[in-house]
Amino acid sequence: MERLVAPSMLSADFVNLACDIEMVNKSQADWFHLDIMDGVFVPNISFGFPVVERIKALATKPLDVHLMIVDPDRYLERFREAGANWLTVHYEACTHLNRTLSRIRELGMKAGVSVNPHTPIELLTDIVEYADLVLIMSVNPGFGGQKFIPNSINRIERLRKMIDIKGLPTRIEVDGGVGPSNAKQVYEAGANVLVAGNAIFKADNPLTAIEMIKKA
Ligand code: DX5
Ligand code: ZN
């Protein structure tokens with residue numbers, strides 16, 4: 001199974017963003033992971049359209065945009081215009097998830113749905129075929145640098161089974177507390193895409209950290 005790495009720019013140095021974008025461009029990473037937080041769905045505010053647009057201007061790899069915002073339907077089009085290739089909304093933030101995911105696809109992006117650590121994976125059974133990606137949160141969303149919640153492994157395994165039984169191409173992405181020390185276990189549980197923030201940008205050598213995750 002493919003093994004992708006998506007560095008989370010939330011942990012980058014915002015004063016030297018161009019340097020960090022260049023590093024990701026020349027690394028073995030596959031996507032740029034961008035965390036959008038509204039201070040309502042999660043207890044933190046990150047960055048918005050101007051930053052996404054500037055990252056898009058320099059990035060040579062797809063933008064994987066993770067919306068931690070209430071009522072994301074209001075902004076789907078704007079994120080497409082800002083350059084999102086993958087757009088992920090939260091299960092817990094959508095009243096009409098089927099409509100939201102279908103709309104993301106209609107707009108020409110890949111559609112993702114994310115679940116918080118308390119949301120049973122089984123609730124995705126009737127929506128997973130409408131998603132190109134399921135993003136399992138392995139921390140409570142809102143901040144980088146938190147500890148991986150061990151039960152996430154079991155959740156990845158259950159989702160992998162569900163997706164395989166249905167014969168779907170839906171990818172599984174895992175976000176929060178992932179790094180070289182647990183990447184192998186997370187991939188082996190059935191994940192395809194690992195997000196990592198602190199483990200990459202706070203490492204002495206970010207390029208090596210990316211390689212270690214990718215080849216775990
Ligand atoms: C958390 C964000 C993550 C975060 C991951 O709410 O969705 O993408 O940046 O950071 P680390 O890898 O440091 O846990
Ligand atoms: Zn994220």
Side-chain angles (χ1 to χ4, degrees), residues 4-14 17 20-21 23-24 27 29-48 51-52 55 59 61-70 72 75 79 84-93 109-119 131-153 155-156 171-187 191-204 206 208-214 216:
L4 307 186
V5 180
S8 169
M9 301 309 285
L10 188 64
S11 301
D13 178 355
F14 283 86
L17 202 47
D20 285 344
I21 295 167
M23 184 280 292
V24 176
S27 76
D30 299 277
W31 301 345
F32 284 80
H33 185 81
L34 307 188
D35 289 304
I36 309 297
M37 305 180 180
D38 66 355
V40 179
F41 183 71
V42 287
N44 196 9
I45 296 175
S46 58
F47 51 82
V51 175
V52 176
I55 294 175
K61 298 174 180 183
L63 301 193
D64 166 36
V65 178
H66 176 194
L67 299 183
M68 285 161 275
I69 66 175
V70 297
Y75 296 109
F79 277 104
N85 301 95
W86 293 76
L87 193 61
T88 296
V89 296
H90 263 265
Y91 176 90
E92 302 84 5
M109 295 175 285
K110 297 284 187 188
V113 56
S114 181
V115 279
N116 280 335
H118 72 273
T119 300
D132 300 295
L133 175 97
V134 176
L135 171 49
I136 295 190
M137 286 309 306
S138 41
V139 298
N140 287 294
F143 306 93
Q146 303 181 79
K147 246 177 79 90
F148 185 88
I149 299 173
N151 179 49
S152 309
I153 294 294
R155 294 164 59 72
I156 299 162
R171 289 180 162 117
I172 301 177
E173 183 174 33
V174 179
D175 186 4
V178 175
S181 62
N182 58 5
K184 185 173 159 62
Q185 198 190 5
V186 177
Y187 281 129
N192 314 92
V193 190
L194 303 197
V195 175
N198 273 27
I200 291 172
F201 291 100
K202 308 287 184 242
D204 291 339
T208 311
I210 290 170
E211 190 177 352
M212 283 167 74
I213 295 170
K214 184 126 182 156

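Numbering of ligands and ligand atoms starts at 1, following listing order.
Atom 11 (P) of ligand 1 has its closest protein heavy atom at G145 N, 3.6 Å. Scanning all protein heavy atoms for the shortest distance to atom 1 (C) of ligand 1 gives F143 O, 3.5 Å. Among all protein heavy atoms, the one lying closest to atom 12 (O) of ligand 1 is G197 N, 2.8 Å. Annotation: atom 10 (O) of ligand 1 to nearest protein heavy atom, G144 CA, 3.5 Å.
With a heavy-atom cut-off of 4.0 Å, D175 touches ligand 1 through its side chain alone.
No hydrogens or angles considered: a donor-acceptor pair under 3.5 Å links the side chains of H33 and D35. Neither side chain, D175 nor S8, offers a donor N or O lying under 3.5 Å from an acceptor on the other.
In the vicinity of H66, heavy-atom distances shorter than 4.0 Å reach the ligand 1 atoms 7 (O). Within the listing of ligand 1, atoms 12 (O) sit less than 4.0 angstrom from a heavy atom of A196. Of all the atoms in ligand 1, the ones that sit under 4.0 Å from a non-hydrogen atom of M37 are 6 (O). Interface atoms of ligand 1 facing D35, defined by a heavy-atom separation under 4.0 Å, are 2 (C), 3 (C), 4 (C), 7 (O), 8 (O), 9 (O). Here is the list of ligand 1 atoms found below 4.0 Å of a heavy atom in L10: 9 (O). Atoms of ligand 1 lying under 4.0 Å from any heavy atom of H33, numbered from 1 in the order shown and given with element: 8 (O). Under a 4.0 Å criterion applied to the non-hydrogen atoms of N198, ligand 1 contributes the atoms 11 (P), 12 (O), 13 (O). Close approach of ligand 1 to G176 (heavy-atom distance below 4.0 Å) involves ligand atoms 14 (O).
The backbone N or O of T119 sits less than 3.5 Å from a side-chain atom of R155, completing a donor-acceptor pair. Put simply, the side chain of Q146 never gets that close to the backbone of G176: no donor and acceptor are under 3.5 Å apart. Of the possible polar contacts, one joining the S114 side chain to the L135 backbone as a donor-acceptor pair under 3.5 Å is found. S11 places a side-chain N or O within 3.5 Å of a backbone atom of N198 that can act as its donor or acceptor partner. At least one donor-acceptor pair closer than 3.5 Å links the side chain of D38 to the backbone N or O of V40. Using modelled atom types, one side-chain atom of N44 and one backbone atom of G142 make a donor-acceptor pair closer than 3.5 Å.
Shown here is Y75, whose OH atom has no more than 12 heavy atoms of other residues, nucleotides or ligands within 6.0 Å. Annotation: K202, atom NZ; neighbour count of heavy atoms from other residues, nucleotides and ligands within 6.0 Å is above 12. For NZ of K110, the number of neighbouring non-hydrogen atoms (other residues, nucleotides, ligands) closer than 6.0 Å is 12 at most.
Where the criterion is an N or O separation shorter than 3.5 Å, residue side chain and backbone included, V178 fails it with respect to ligand 1. Here's the thing with G177: one of its N/O atoms is less than 3.5 angstrom from an N/O atom of ligand 1.
When the Zn ion (ligand 2) is compared with the N/O/S atoms of H66, atom ND1 turns out nearest. Restricting D35 to its N, O or S atoms, the one at the least distance from the Zn ion (ligand 2) is OD1. Closest N/O/S atom of D175 to the Zn ion (ligand 2): OD2.
Counting heavy atoms only, S8 comes closest to atom 9 (O) of ligand 1 of the residues S8, S46, G142.
Distances from ligand 1 to the non-hydrogen atoms of M68 include at least one value under 4.0 Å.
At least one side-chain heavy atom of I36 sits less than 4.5 Å from a side-chain heavy atom of V52.
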